[in-house]
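The structure presented is a predicted model; accordingly, all values stated were derived computationally and were not measured. Note on naming: letters A, B, ... go to the chains in the order of the sequence lines (proteins, then strands), and numbering restarts at 1 for each one.
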Amino acid sequence: MQINDMQAGKAGRAASARPAARPIIAIRDLRKMYGSFCALSGINLDVAEGEVVVLLGPSGSGKSTLIRCINLLETYDSGTVTVDDVAVRPGPNLAAVRSEVGMVFQSFNLFPHMTVLRNVALAPIRVRKLAPKAAEERAMELLTRVGIAEQAGKFPGQLSGGQQQRVAIARALAMEPKILLFDEPTSALDPEMVGEVLDVMQSLARTGVTMVVVTHEMGFARRVADRVIFMERGQIVEEAKPEAFFSAPKEERARAFLQAVLNH
Amino acid sequence: MDLIDTFFNGRVLWDSLPLLLMGLGTTLSLGILSIVLGLVGGLVLALLRLYGPPALSGLWVLYIDLFRAIPILVLLVIVYYALPFVGIRLSPFASATTALSLVSAAYSAEILRAGIQAIPRGQFEASQALGLSYWSMMGDIVLPQAVRIVIPPMTSNCINVMKDTALASVVAMPDLLKQATQAQALAANPTPLIGAAALYVLLLLPMVRAVGTLEKHFAKERR
Ligand SMILES: Nc1ncnc2c1ncn2[C@@H]1O[C@H](COP(=O)(O)OP(=O)(O)O)[C@@H](O)[C@H]1O
Ligand SMILES: [Mg+2]
């Protein structure tokens, strides 16, 4: 692939914490209520092409809600979300926009009645109209890339959590999305399987795909993120490059959060 | 010996067998047609109820409840004897098919709705996140999983439809029961009725057994 270009791009971006290029995700004044409870209160966020953004924050701060608004799995009350210059709205274009935005869930959400191979090949066949044979070849490549080619004929229920999550990543990649969203991808895993999933994610980050990652894995955030965003009570409280954020968070609330997470 | 001659008379049974088998054929075609129509109607109703315009959902609920509440015999009599007064004249077979399908659709809709709702939200979300169309989401992901859940209750419903075909004999449809009563009158001997009962049991016993086996099988699979 164009790994070299991508790394060059990454190096260029590293000069400033703020993305300079045209944002591939643009979120403006996003508000979301659950009844009278304000889950998101006016979020503004740009994510540049190829950028890796990690969302941190205490449980209930709105991280999942925000990330799910990007592909409209969650509806919102006001504001706009634009992906690659296309507004994300209900309607006939929604599926097309969603097919450009891969998502990896905490609970994997693999299709239990299909083989691993079929899980990965289905969407390219149905949405991209790929020939089944070509889609399965490509699925096999992706399974090889995430290190589980030998499980292709099994059903998801026969795999470990870490393997399932890697299949889920391959399934998302099969659509060749411009953006990958991860919502706590390792939170449901036994500790010994966290590493294998984070490794796959880290190698993905190097390919230049845009990533928005909700995680509590501080090591991953520090190593991989281009930018860390700290949320609390439905608001973005602090944004910084990881080095700056982890060594000297500006906000008191971020400091308290880091202390709690790192000392647990 | 008298008892055997009365209820299990071999000669009478042999003579009435052609009539009974004709009746069985009618019963089977009525049952199978009603099951298929009921399934299709039930699927449409379930999808309308779950994903149709919310303004109309009360209508589907009303249909489903109404046709589960009404006794099939009453519905059948209305279709056959009352509808002609408004100019709708259906043959006994068509009347019975209509009544059985309307009721079976209501039950099927409930079973399918429960099956679809048993599919975790994450399956829908994963499908949507991939950009699958609504029809692909339902056809590739949701319904195949729902089918596993609904096969045992659906089989029970099919058994009920098959059994209820016997009601059609009251509108003079030559089904298995009707033929048996006719043969009984002809021979002045109740053996054909016993023969009909045996045929019903032979037809339905495997289905009854299958429900139990399937339930056990799917329970194991879901572990
Ligand atoms: N379906 C819902 N109904 C009511 N409140 C909800 C719902 N989903 C989330 N919330 C609330 O919205 C807030 C943000 O949730 P979420 O985005 O899941 O937080 P996070 O992912 O940061 O833990 C939480 O306080 C949560 O209780
Ligand atoms: Mg969350």
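Counting heavy atoms from C-beta outward, A/K63 and A/H216 have side chains that approach closer than 4.5 Å. Proximity of A/P185 to A/Q106: side-chain heavy atoms (C-beta onward) are nowhere separated by under 4.5 Å. At a threshold of 4.5 Å between non-hydrogen side-chain atoms, the residues B/Q128 and A/L73 count as touching.
A 6.0 Å sphere centred on CZ of A/R89 holds no more than 12 heavy atoms belonging to other residues, nucleotides or ligands.
Contacts between A/R171 and chain B at a heavy-atom distance below 4.5 Å involve backbone atoms as well as side-chain atoms. When heavy atoms are compared at a cutoff of 4.5 Å, A/L72 does not approach chain B at all. Within the 4.5 angstrom heavy-atom criterion, atoms from both the backbone and the side chain of A/F111 approach chain B.
Each of A/M114, A/R98, A/M103 has some count of heavy-atom pairs under 4.5 Å with chain B, and the biggest count is that of A/R98.
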